[in-house]
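Okay, so here's the structure we're looking at.
Protein chains get the first letters and strands the later ones, always in sequence-line order, with residue 1 at the start of each.
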2 protein chains.
Amino acid sequence: MIKIGELAKISGCSVQTIRHYEKEQLLSAKLRSDGNFRLYDHADIERLLFIKHCRSLDLSLAEIRQLLTLHHSPMSQCDDVNQMIEQHIEQVERRIAELTLLNKQLKALRRSCTSKRTVEHCGILKQLNKAVSQSN
Amino acid sequence: MIKIGELAKISGCSVQTIRHYEKEQLLSAKLRSDGNFRLYDHADIERLLFIKHCRSLDLSLAEIRQLLTLHHSPMSQCDDVNQMIEQHIEQVERRIAELTLLNKQLKALRRSCTSKRTVEHCGILKQLNKAVSQSN
DNA sequence: TTAAAGTCTATAGTAACTATAGAGTCAATA
DNA sequence: TATTGACTCTATAGTTACTATAGACTTTAA
């Protein structure tokens with residue numbers, strides 16, 4: 001059995017993050033030491049690494065909680081897992097599209113001012129203002 | 001002079017958002033009615049639309065505050081504005097790269113399970129676990 | 001005059017942590 | 001054995017940009 005600091009080292013998560021996951025019901029220490037320190041075993045390490053891998057895929061804690069539940073209900077259908085991943089992919093793709101558009105706009109903005117003028121003549125601010133008066 | 005509800009309509013921001021911007025020192029009503037209602041003029045409308053446009057470019061409230069300050073300091077240099085936009089572009093591009101990688105990983109994961117099996121044999125969960133035991 | 005709609009302030013909630021305070025525990029050294 | 005330093009505990013507040021509520025007050029129109 002290991003204490004939270006060692007679990008943090010092994011997993012690469014911070015101590016606070018592990019405690020946060022416990023609060024969010026993703027991971028719990030089944031045992032405590034005499035002095036009330038959390039004690040973890042090998043299964044906990046695996047569970048935390050699973051969580052960490054899911055987080056690296058930007059799954060939310062709620063989604064991970066769901067996956068962990070499915071994981072331990074052998075009769076449930078893969079479809080639920082598939083659907084979650086599918087929705088997540090769509091979400092990521094929407095965000096990529098948004099950011100790509102944003103990037104274009106920012107680059108157009110950047111082109112509007114390059115020299116060392118005072119703000120009075122700054123093309124960027126002029127552009128930002130122009131957009132304002134247009135939409136007004 | 002208009003009240004906050006009308007400013008909200010004109011700008012497309014919610015009433016709470018406008019009050020939030022005031023709290024964040026981006027926009028303030030210089031006048032209040034006898035009954036303590038905020039009163040706005042044309043300059044306030046323009047300022048709010050400027051803020052809204054910047055937000056649509058994902059600039060943070062802190063960045064916008066800085067832009068507004070520069071905006072009203074005619075002696076400051078464009079360089080400050082340029083640098084901020086430059087950094088923002090870099091940040092957006094980093095995030096796009098991250099999400100693109102993420103998307104690839106999620107799609108690989110999706111390919112690992114397609115049929116209606118029970119979770120016991122779910123390829124996605126197997127993949128997620130495999131990653132865990134590899135990194136352990 | 002009264003009712004509805006609008007506005008006020010203050011506070012809490014959102015997501016996933018991070019950081020702190022103040023107290024208690026553990027392991028090793030003097 | 002005492003003490004020091006490192007570790008852990010709980011509880012709470014802060015981060016970002018809002019959104020949503022509660023309870024009270026103001027304005028407007030019928």
* B/R94: partners by side chain to side chain donor-acceptor pair (under 3.5 Å), with sequence neighbours left out ->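 Checked B/R94 against side chain to side chain donor-acceptor pair (under 3.5 Å); zero matches.
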
* To do: Mind checking side chain to side chain donor-acceptor pair (under 3.5 Å) for A/K9 and listing every partner two or more places apart, or none if nothing turns up?
  =>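 Here no residue qualifies.
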
* Asked: Looking at residues 58-65 of chain A, who's got a heavy atom less than 4.0 Å off DNA chain C?
  ->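 Those residues whose heavy atoms fall under 4.0 Å from DNA chain C, taken from residues 58-65 of chain A in numerical order, are A/S60, A/L61.
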
Could you tell me whether the phosphate oxygens of [N], OP1 or OP2, come under 4.0 Å of any side-chain nitrogen or oxygen in [X]?
| X | N | value |
| --- | --- | --- |
| A/R38 | D/dT10 | yes |
| B/S33 | C/dT7 | no |
| B/S14 | D/dT19 | yes |
| B/Y21 | D/dA17 | no |
| B/R32 | C/dT9 | yes |

* To do: Could you tell me the separation between the CD atom of B/E22 and the OG1 atom of B/T17, rounded to the nearest 0.5 Å?
  =>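 Spacing of CD (B/E22) from OG1 (B/T17) equals 13.0 Å.
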
* Name the residue closer to the 5' end of DNA chain D, choosing between B/N36 and B/Q16 according to the nucleotide with the nearest heavy atom. =>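 Nearest-nucleotide comparison on DNA chain D picks B/Q16.
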
* Comparing B/D34 and B/T17 on DNA chain D - which has the more 5′ nearest nucleotide ->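 Per heavy-atom nearest nucleotide, the more 5' residue is B/T17.
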
* Tell me what A/R55 touches on the nucleic acid: a base, only sugar-phosphate, or nothing, going by heavy atoms under 4.0 Å. =>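 Sugar-phosphate contact only.
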
* **Check: B/E24 main-chain N/O paired with B/R65 side-chain donor or acceptor under 3.5 Å** =>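 Answer holds: yes.
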
* To do: Using atom NE2 of A/H20 as one end and atom C1' of D/dG14 as the other, report the distance to the nearest whole Å.
  =>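 From A/H20 NE2 to D/dG14 C1': 14 Å.
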
